[in-house]
Asker: 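Right, I'll just put the structure down here and ask away after.
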Amino acid sequence: MIKKRIVITFPPGLAEKPLTYHLVKDFDLVINILFARISPEEEGKLVLEIGNSSEEQVERGLAFLRENGAQVEPLSREITWNEAECIHCGACTAVCRPQALALNPESWELSFDQDRCIVCEQCVTACPLGILRVSF
Amino acid sequence: MAKSYEEIAHRIRQGKAVVLTKEEFLKAVDEQGVDRAAETVDVVTTATFGAMCSSGAFLNFGHADPPIKMSRVWLNGVPAYGGLAAVDAYLGATEQSELDPTYGGAHVIEELVAGKRVRLRAVSQGTDCYPRREVETWVSLREVNQAYLFNPRNAYQNYAAATNGSDRTIYTYMGTLLPRYGNVTYSTAGQLSPLLNDPYYRTIGVGTRVFLGGAQGYVAWEGTQHNPAVKRTDQGVPLGGAGTLALIGNLKEMSREYLRAAVFHRYGVTLYVGVGVPIPVLDQDLAAQLAIRDKDILTSVYDYGVPVRSRPALAQVSYAELRSGAVTLQGRRVPTAPLSSLAKARRIAALLREEVRAGRFALNPPVQPLPATTPFRPLTIRQAEGEE
Ligand code: SF4
Ligand code: SF4
């Protein structure tokens, strides 16, 4: 039994296919959707946590996704925040759904909670100072 | 009882003046009431730290030998305007490098302020009196003759909030707006913002000394698009963008702490500018204006997903609601995020309080008030010169 976090990127168009349905139904995977950004005309992104499944089951499921044109990567990347350069404007918090980036309501200074981050990378372009970066 | 500028200056010299930041003043009002606070408090400091596109710097490089009449000028590859006297130029904050659109005038200004040298390149036709046709060298702030920030429009008195009702993410000067009303962004310091604390410009006018980017600067003129005639609440708070200030100050004295280059993705380069204004508590009326709170300051939320000038206003919200983290749009709770830094604005207000207290930052009445009524016109697209 393994547990892993993966990032699935869909080209536009693939979003209509019920891929996660197949993962559950055909490959018997136990999945938890951490993040989903899917719309017909844009590139989609899914961050899944797969648990309670055997390594082999997981591999078969992921192979199925790849065959369907999705990109599958482990969630090994992380966001780094150059705190010393931060002006605490809050522009990044506008796009951070899981509230990994949040302004303290008293001090109005930014904090970054790595554990909440699902590496959706939305903040990377949203930060006007370019101090949120993806590192591998 | 009214106080004069002289009386306040006298109390500052004696070390007796009560100078508070705007937020401290609100506490004083809670404790003493406005009437009493009007008597006991002499000066209230206000500030903002936000992206202000209409910013830039005048520079004079000095003459080379043989001299050149610079007609086209680049600093670190960013074009500066050279259509002035021989070695004068204006570098606009939003001008982008010809090689890298994510580097622009604001970055050059920030590097200069950080003490770095930047690459200067200029070309010319060559004249009898200015024979040189090209120059390439490195310059720093210490080595140029004059370098002053001259920002045609800063410190907007209130500004609309933004959202996006379209189906795709849009990238704007109001930040990244998520589809289907996914978020709302707003961009003023709210109750701390200078012009919201003196809504009829009684103490802020041409010649008013201000904090600008870490230095002492001045209000040079009304800002571009100054629009005092907008609708206001009973307390005088404009319901949308209204007054603006043109500010000037010595770039050589400024600091990177209060002047930062920024890039709004797929929009362009801009400059975050720190502006602070101390407001003398001259009388009860001014004290009442200074007592304004985020809950009393309203603005409209516009749908930036609609690409026309007259975007529909979706809702009117207060800054207290915006600051709470979510507002209600069409029956749904939508998360909010600021774009200007309240943390930095507070730091400026506190710094200014210390400077005023210590007598290092003098308050002076405006030399000339800002216009109280200027219409704000749109641009008409005409096919012929004579067309109405
Ligand atoms: S990548 Fe950025 S926006 Fe996405 S969850 Fe992590 S911190 Fe938030
Ligand atoms: S957008 Fe960038 S500068 Fe602004 S608070 Fe976030 S990390 Fe800091």
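So that the names make sense, note that chain A is the first sequence line, chain B the second, and so on, each numbered from 1.
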Asker: Quick check on B:R260 against chain A: is it the side chain, the backbone, both or neither that has a heavy atom closer than 4.5 Å?
Answerer: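 Only the side chain of B:R260 comes within 4.5 Å of chain A.
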Asker: Just wondering, are more than 12 heavy atoms of other shown residues or ligands nearer than 6.0 Å to CD in B:Q316?
Answerer: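 Atom CD in B:Q316 is crowded, with more than 12 foreign heavy atoms closer than 6.0 Å.
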Asker: Of the non-hydrogen atoms in B:A337 and A:G90, which two are nearest, and what is the gap between them?
Answerer: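 Taking every non-hydrogen atom into account, CB-O, 3.8 Å.
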Asker: Calculate, to the nearest 0.5 Å, the distance between atoms NZ and SG belonging to B:K344 and A:C89 respectively.
Answerer: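 So the gap between those two atoms works out to 10.5 Å.
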Asker: Looking only at heavy atoms and a cut-off of under 4.5 Å, which of B:E257, B:R256, B:R266 has the most pairs with chain A?
Answerer: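 Option with the greatest count: B:R256.
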Asker: With only heavy atoms counted, which part of A:E106 is less than 4.5 Å from chain B, the side chain, the backbone, both or neither?
Answerer: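 Interface part for A:E106: backbone (N, CA, C, O).
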Asker: What part of B:S324 gets closer than 4.5 Å to chain A, counting heavy atoms only: side chain, backbone, both or neither?
Answerer: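 Nothing of B:S324, per the 4.5 Å heavy-atom cut-off to chain A.
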Asker: Checking A:W108 against B:R323 for the side chain to side chain contact (heavy atoms under 4.5 Å, CB included) test, could you report, in this order, the C-alpha distance in whole Å, the side-chain angles of both residues, the deciding distance, and whether it holds?
Answerer: CA-CA 10 Å; A:W108 290 89; B:R323 289 246 176 251; 3.5 Å; yes
Asker: Can you say whether A:T93 sits under 4.5 Å from chain B via the side chain, the backbone, both, or neither, judging by heavy atoms?
Answerer: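 Contact with chain B: backbone and side chain both.
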Asker: Just give me the residue among A:Q122, A:E109, A:R97 that pairs up with chain B most often, heavy atom to heavy atom, under 4.5 Å.
Answerer: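 The residue among A:Q122, A:E109, A:R97 with the greatest pair count is A:R97.
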Asker: Surrounding CZ of B:R293 (heavy atoms of other residues, nucleotides or ligands, distance under 6.0 Å), is the total greater than 12?
Answerer: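 Check passes, neighbour count above 12.
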Asker: A:C96 versus chain B, heavy atoms under 4.5 Å apart: side chain, backbone, both or neither?
Answerer: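 The answer is neither part of A:C96.
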Asker: What residue, out of B:S187, B:A345, B:A262, has the most heavy-atom pairs lying under 4.5 Å from chain A?
Answerer: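 So the answer, after comparing B:S187, B:A345, B:A262, is B:A262.
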Asker: Please report the interatomic distance CG(A:N104) to CG(B:L342), rounded to the nearest 0.5 Å.
Answerer: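 If we round to the nearest 0.5 Å, A:N104:CG and B:L342:CG are 11.0 Å apart.
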Asker: Where on B:T185 is there a heavy atom nearer than 4.5 Å to chain A: the side chain, the backbone, both, or neither?
Answerer: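 The side chain, not the backbone.
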Asker: Heavy-atom cut-off 4.5 Å, strictly under: side chain, backbone, both or neither for B:Y186 against chain A?
Answerer: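 For B:Y186, the contact with chain A is made by the side chain alone.
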Asker: Below 4.5 Å from any heavy atom of chain A, which atoms of B:L339 appear? Answer side chain, backbone, both or neither.
Answerer: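 Interface part for B:L339: both.
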Asker: Pick whichever of B:T270, B:N183, B:L177 has the most heavy-atom pairs under 4.5 Å with chain A.
Answerer: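 Ranked by heavy-atom pairs under 4.5 Å with chain A, first place is B:N183.
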Asker: Against chain A, work out which of B:G175, B:G182, B:A51, B:G50 has the most heavy-atom pairs shorter than 4.5 Å and name it.
Answerer: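 Heavy-atom pairs under 4.5 Å are most numerous for B:G182.
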Asker: Taking side chain as everything from C-beta outward and backbone as N, CA, C, O, which of these in B:Y272 sits under 4.5 Å from a heavy atom of chain A? Side chain, backbone, both or neither.
Answerer: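 Side chain of B:Y272 only, per the 4.5 Å heavy-atom cut-off to chain A.
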Asker: Does A:R66 have more than 12 heavy atoms from other residues, nucleotides or ligands lying within 6.0 Å of its CZ?
Answerer: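 Result for CZ/A:R66: enclosed.
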Asker: Does the side chain of A:L103 come within less than 4.5 Å of B:P338's, by heavy atoms?
Answerer: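 Counting from C-beta outward, B:P338 and A:L103 do come under 4.5 Å.
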Asker: With a 4.5 angstrom heavy-atom cut-off, which part of B:A261 approaches chain A: side chain, backbone, both or neither?
Answerer: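 Interface part for B:A261: backbone (N, CA, C, O).
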Asker: When you measure from the side chain of B:S341 to the backbone of A:I87, do you find a donor-acceptor pair of N or O atoms at a distance under 3.5 Å?
Answerer: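 Such a contact is found between B:S341 side chain and A:I87 backbone.
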Asker: Let me confirm one number: the CZ-NE2 distance from B:R346 to A:H88, rounded to the nearest 0.5 Å.
Answerer: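 The CZ atom of B:R346 sits 12.5 Å away from the NE2 atom of A:H88.
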